[in-house]
Structures are given as structure tokens and as C-alpha cells.
Amino acid sequence: MYEGLKGFTDFYPDEMAPLREVIDTIEDTARAYGFRETSTPALEPAEMWTDKSGEDIVDELYDFEDRGGRHVTLTPELTPTVARMVVAKQQALSKPIKWFSTRPFWRYEQVQQGRYRELYQTNADIFGSSEPDADAEVLAFAADSLTNLGLDGSEFEFRVSHRDILGELLRSFDADVDTTAAIRAVDKRAKVEDEEYLGLLSDAGLSYDQAREFDDLLVAGDDDLSALTDFADSEELAAAVENLENVLAAAEDFGVRQYCDVSLTTARGLDYYTGVVFECFDASGEVSRSIFGGGRYDHLIEEFGGQSTPAVGVGIGVMNSTLPLLLQVHDAWPGEGISTDYYVLQVGDVRSVASRISRELRERGHVVETDVSGRSFGGQMNYADSIDAETVVIVGERDLENDEVTIKDMKSGEQTNVPVDEFPGESDRPTYDEFA
RNA sequence: UCCGGGUUGGGGUAGUGGUUAUCCUUCAGCCUUGUGGAGGCUGAGACGCGGGUUCGAUUCUCGCACCCGGACCCA
């Protein structure tokens with residue numbers, strides 16, 4: 001007997017059925033916004049991550065040398081791949097480009113609640129629009145996905161921040177600040193002691209007093225963004241604040257503003273984000289990890305060798321992620337197990353008739369099972385029960401002597417005889433009730 | 001990489017340095033060779049892996065693997 005790899009998960013049919021519903025719901029939402037489906041490789045040149053991404057990502061790569069001596073990696077995220085695709089066909093694609101896909105990703109990291117080494121994400125991205133409407137549409141898609149899954153606004157929250165606000169605010173201090181390090185410090189704010197947090201900020205170049213002032217501004221800004229523009233007379237800062245306000249205004253018109261809280265201390269770890277960034281959290285706090293996140297990355301396409309192209313997107317973890325935890329906590333986990341429309345029960349040498357009936361029922365789009373194990377009558381009834389069959393069609397030698405089959409409703413247990421020539425007949429979904 | 005807690009049939013569990021390892025459930029078959037959800041009977045099926053201590057280890061001990069949770073990091 002073999003064991004599967006740590007951090008990889010087998011999904012059995014009764015586990016996959018609700019996950020399928022979750023994925024279908026999110027994908028239907030994406031389609032409704034006009035996102036078009038793409039499919040992308042599992043394996044990519046490792047350089048796509050080692051060249052641009054920070055140490056953190058590289059440490060988690062599932063990478064190796066292939067037989068041609070190429071340094072390749074299983075993809076840990078989608079963004080560089082879609083960036084590559086956009087660059088390759090940039091001139092041919094009409095803008096805005098709106099793509100979605102659901103597929104696995106791999107990260108070699110420590111396994112814990114909601115975090116595995118193989119995870120599935122539905123990504124949705126918009127390329128070619130820097131308008132606030134594009135940011136807001138991504139927020140709206142994400143929010144609609146959650147509400148379509150049965151969550152309401154009191155059960156999740158989007159913490160929305162803006163990289164340029166943080167950057168410009170830092171720049172407005174009269175100091176030589178390492179912006180990236182400072183933003184990383186902000187990202188840690190909730191996790192470390194005040195003193196350590198302020199220490200990280202001063203490591204980044206702020207004086208102690210400036211660090212205090214900076215932090216006060218972030219907190220004040222969450223309630224009232226004008227506190228920021230009042231502080232510094234900076235055109236760039238004003239533009240960033242205005243951009244965030246415009247995104248929130250668009251979100252208001254799109255009907256999702258109520259899910260969004262301004263939270264300037266939400267920074268997100270990835271370095272390529274540029275404007276609006278957001279993370280989704282469980283409003284009840286029961287799921288402590290972030291559910292998913294996204295944001296704007298206006299420079300990545302250019303960095304990948306394309307023409308300057310603004311971009312904004314979100315990646316929602318659907319399997320081996322925290323979203324199932326969120327849905328379970330709020331009683332929104334799809335309950336449907338496997339079910340079967342018809343079981344065609346065979347007694348004796350009746351395969352040709354049973355097959356004809358099965359085929360005609362399947363042609364009508366139903367889920368139909370019949371015996372492939374040579375089981376006894378009782379054994380087949382047992383099996384029909386175990387697969388939650390709604391109707392059992394008994395094709396037995398005894399009935400066929402009278403040119404009949406028996407239609408049995410499994411819920412009530414009632415049954416009746418029907419001429420074999422009239423089943424399934426003209427009805428799309430013939431059941432016991434129609435013949436009773 | 002670090003810190004806790006775990007690992008006994010498919011699932012859930014009891015127990016023990018020494019005969020055939022407990023119970024529930026599940027699965028298969030039968031009671032009932034044409035009727036599932038109830039009951040009865042029969043059967044299948046387990047001490048994570050490796051080393052050490054010991055006459056003897058599932059039990060004690062060490063290492064490893066895996067699982068659960070946490071730190072770090074992230075989605």
C-alpha cells in the first residue's frame with residue numbers, strides 16, 4: 001500500500017460533490033461578468049519566478065531540472081503565466097482582456113489548517129484598464145461569488161488598501177525610506193508587538209517619532225481618508241487617495257461597497273502589487289487566516305517584456321484552501337451528496353431490454369445506473385438505495401413475460417407495472433406518479 | 001525550519017510486556033434463488049515504519065514517516 005504525498009489531498013466522490021458546486025458557482029459568476037475561460041500549463045520555466053519574485057516564493061517552489069536540462073517549476077500561482085500569455089499576443093487581443101480559470105497550484109510549504117501543498121484557485125483578471133471600474137468589477141465578482149454561495153455581508157469582509165497611498169505617505173516623510181521594507185512592516189503590524197513593529201519601521205528608515213506618526217495616520221485614514229491628504233501636500237498622494245475613493249464609489253454603484261472596509265494596514269506580501277489591494281477575511285473571526293486576496297499590478301506586463309498594460313485580479317482558493325472553512329463556519333457548505341435519477345434493475349437474461357431503457361433515459365439527460373456486477377435482486381435494491389436512486393425500473397423475466405416492466409418509487413416504496421413498449425415513452429422524466 | 005498533540009481492521013474506538021486483541025459501524029454473503037431502509041446468522045478486515053531494551057514489544061525507549069493544531073510565511 002502506498003501513501004500519498006504530504007500536503008496533497010484525495011477527494012472522494014462525497015467530498016468532491018460539494019466542492020464541484022462551489023467551483024461551479026464561482027465560475028458561473030465569472031462568466032456572468034464576461035470573464036472567458038483559459039487553461040494554462042502546470043509546469044513553467046522556473047525563471048519566471050526566480051527572476052522577479054522575492055525569496056519567499058522561491059523557497060516554496062516545487063522546482064527541478066527536466067531531462068533537457070531546463071530549470072522548471074510547478075506553478076505556485078497564476079499571475080506570471082497569464083502575464084506571459086498577454087505579452088505573447090498583446091497586439092491581437094482586444095481590450096479589456098478578461099480571463100478566468102480554475103486549476104491547481106503547488107507550493108512547498110508547511111501544511112496546516114487551510115494550507116496545503118497542492119491547492120486549487122479560481123483566478124479572474126482584467127488587463128488593459130486602469131479605470132477604477134476595473135478594480136471595482138473584480139471586487140464585485142469576488143463579492144458576488146461569496147453571496148451566490150449563500151454567504152451574507154455580515155459573514156465576510158474585504159479589507160481594501162492601496163499600495164500607492166502607503167508608498168507616497170512614506171515618501172512624504174523627510175527621510176530615506178526603504179518603501180518595500182516599510183510596507184512589509186505594515187503587513188506585520190497585527191502580528192507583532194508594537195515595539196517590534198515600530199522597530200521594523202525605523203529599520204526601514206523612519207525615525208521613531210515618524211514611525212509613530214505614520215502609524216497614527218494609517219489608523220486615522222481607515223475612518224477618513226482626508227486625514228492623509230491633510231497631512232502631506234503631495235500630488236501623488238492625493239491622486240492615490242482619489243483613486244481609492246473612486247474605486248469605492250464604483251463599488252457602491254456595483255452594489256458591493258458594503259462589503260469593503262478601508263484598511264490601510266492590509267498590505268499583502270507580493271511585491272508586484274501597485275494600486276488597490278484587498279484581502280477577504282471571515283467577519284466572525286473564526287477563520288483567522290485570510291480567505292483570499294487580489295489587487296492591481298500595473299507594471300508586471302511591462303516587466304515581462306510587453307507594452308505597459310494595467311492589470312487587476314483576484315485568486316480565490318477553492319479546494320485545499322480556507323474558503324471551505326469559511327463556508328462551513330457559516331453553514332453555507334453545499335449539502336448535496338451523490339444522487340441518481342434511475343436504477344435499472346435486472347433479473348435474469350434481460351440485458352438487451354435493460355440496456356435499451358438505460359440508453360433512452362440517458363438520452364434524456366438523466367443519471368442512470370444498471371447492474372454491472374451480476375448481483376441478486378436484493379443486492380441490487382440495496383445498491384439502488386445506497387446511491388440514492390429516485391426511481392428503480394425493474395426489468396425482470398417475469399414482467400417481460402407480460403411485456404411489462406415495474407416502476408418503483410424508492411421514497412414511497414410504491415410501484416406499478418408499465419407496458420415495456422411505453423417506457424420511457426414520450427415523457428422527459430417518467431416516474432411512478434405518471435403511471436400510477 | 002521550529003513547537004505541541006496524535007497514529008490499533010475501510011471509519012470510530014477499548015485494551016495489554018506473554019494463548020485466538022475489545023466493541024460499534026462498514027463491507028460481502030445468507031436467512032429471503034423478484035423487492036432497499038428493520039432484525040438474526042456467517043465471513044472479511046488492524047497494533048504506521050525502522051532500530052534498541054527484553055526470553056518475549058502492539059505495549060517501554062529512540063529515530064523516521066504521516067495526520068491534527070500552532071509559530072514563521074502566505075491564499
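These numbers come from the heavy atoms of this one structure, side chains and all, not from hydrogens, waters or symmetry mates. Letters go in sequence order (proteins before strands), and every chain restarts at 1.
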| said: As a check on the pairing definition, encode RNA chain B in dot-bracket form, counting Watson-Crick and G-U wobble pairs whose two distances are under 3.5 Å, and using | for partners outside this strand. | reply: (((((((..(((.....[....)))((((((.......))))))...(((((..]....))))))))))))....
Distance between the [atom1] atoms of [N] and [M], in whole angstroms?
N     : M     : atom1 : result
B:G11 : B:G45 : P     : 15 Å
B:A28 : B:G17 : C1'   : 37 Å
B:A46 : B:G9  : P     : 9 Å

Once salt bridge (Lys or Arg N to Asp or Glu O under 4.0 Å) is applied, do any residues pair with [X], and if so which ones, sequence neighbours excluded?
X        : result
A:Glu44  : A:Arg84
A:Glu15  : none
A:Glu360 : A:Arg356
A:Arg117 : none

| So, does the side chain of A:Asp385 form a donor-acceptor pair with the base of B:G36 at under 3.5 Å? |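 Answer is yes: a donor-acceptor pair is held.
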| query | Between the base of B:U35 and the side chain of A:Gln380, is there a donor-acceptor distance below 3.5 Å? | reply |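 Between B:U35 and A:Gln380, which were checked side chain against base, a qualifying N/O pair under 3.5 Å is absent.
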| request: Sugar-phosphate means primed atoms, P, OP1 and OP2; the rest is base. With that split, encode nucleotides 40-46 of chain B 5' to 3' as B, S or - using protein heavy atoms under 4.0 Å. | output: -------
| task | With sequence neighbours excluded, tell me which residues meet side-chain hydrogen bond (donor to acceptor under 3.5 Å, both in side chains) with A:Ser161. | result |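 With sequence neighbours excluded, A:Ser161 shows a side-chain hydrogen bond (donor to acceptor under 3.5 Å, both in side chains) to no residue whatsoever.
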| Which residues pass the side-chain hydrogen bond (donor to acceptor under 3.5 Å, both in side chains) test with A:Glu131, sequence neighbours left out? |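 Partners of A:Glu131 under the side-chain hydrogen bond (donor to acceptor under 3.5 Å, both in side chains) test: none.
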Short N/O separations, protein against nucleotides 24-33 of chain B, under 3.5 angstrom:
{"residue": "B:A28", "atom": "OP1", "partner": "A:Arg375", "partner atom": "NH2", "Å": "3.4"}

| query | Among residues 282-291 of chain A, which contact RNA chain B at a heavy-atom distance under 4.0 Å? | reply |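 Heavy-atom contacts with RNA chain B come from A:Arg289, A:Ser290, A:Ile291.
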| query | Got a salt bridge between A:Glu118 and A:Arg107, using NZ or NE/NH1/NH2 to carboxylate O under 4.0 Å? | reply |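 Between A:Arg107 and A:Glu118 there is no salt bridge, as every charged N stays at least 4.0 Å from the carboxylate O atoms.
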Just list the side-chain donor-acceptor pairs under 3.5 Å for residues 136-146 of chain A, sequence neighbours left out, or say none.
{"residue": "A:Glu137", "atom": "OE1", "partner": "A:Lys98", "partner atom": "NZ", "Å": "2.7"}
{"residue": "A:Asp144", "atom": "OD2", "partner": "A:Tyr33", "partner atom": "OH", "Å": "2.6"}
{"residue": "A:Ser145", "atom": "OG", "partner": "A:Phe141", "partner atom": "O", "Å": "2.9"}

| query | When all nucleic acid strands are considered with a 4.0 Å heavy-atom cut-off, which category describes A:Gly317: base, sugar-phosphate, or nothing? | reply |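 Here A:Gly317 touches no strand at all.
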| request: Could you check whether A:Gly348 gets within reach of a base, just the sugar-phosphate, or nothing at all, counting any heavy atom under 4.0 Å? | output: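 Contact class for A:Gly348: none.
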Polar-atom pairs under 3.5 Å, protein N or O versus N or O of nucleotides 1-3 of chain B: list them with distances, or write none.
{"residue": "B:U1", "atom": "O4", "partner": "A:Gln110", "partner atom": "OE1", "Å": "2.9"}

| A:Arg429 atom CZ: more than 12 heavy-atom contacts under 6.0 Å |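 More than 12 within 6.0 Å, yes.
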| Do A:Glu369 and A:Tyr383 come close enough that some side-chain heavy atom pair is under 4.5 Å? |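 Contact flag for A:Glu369/A:Tyr383 side chains = yes.
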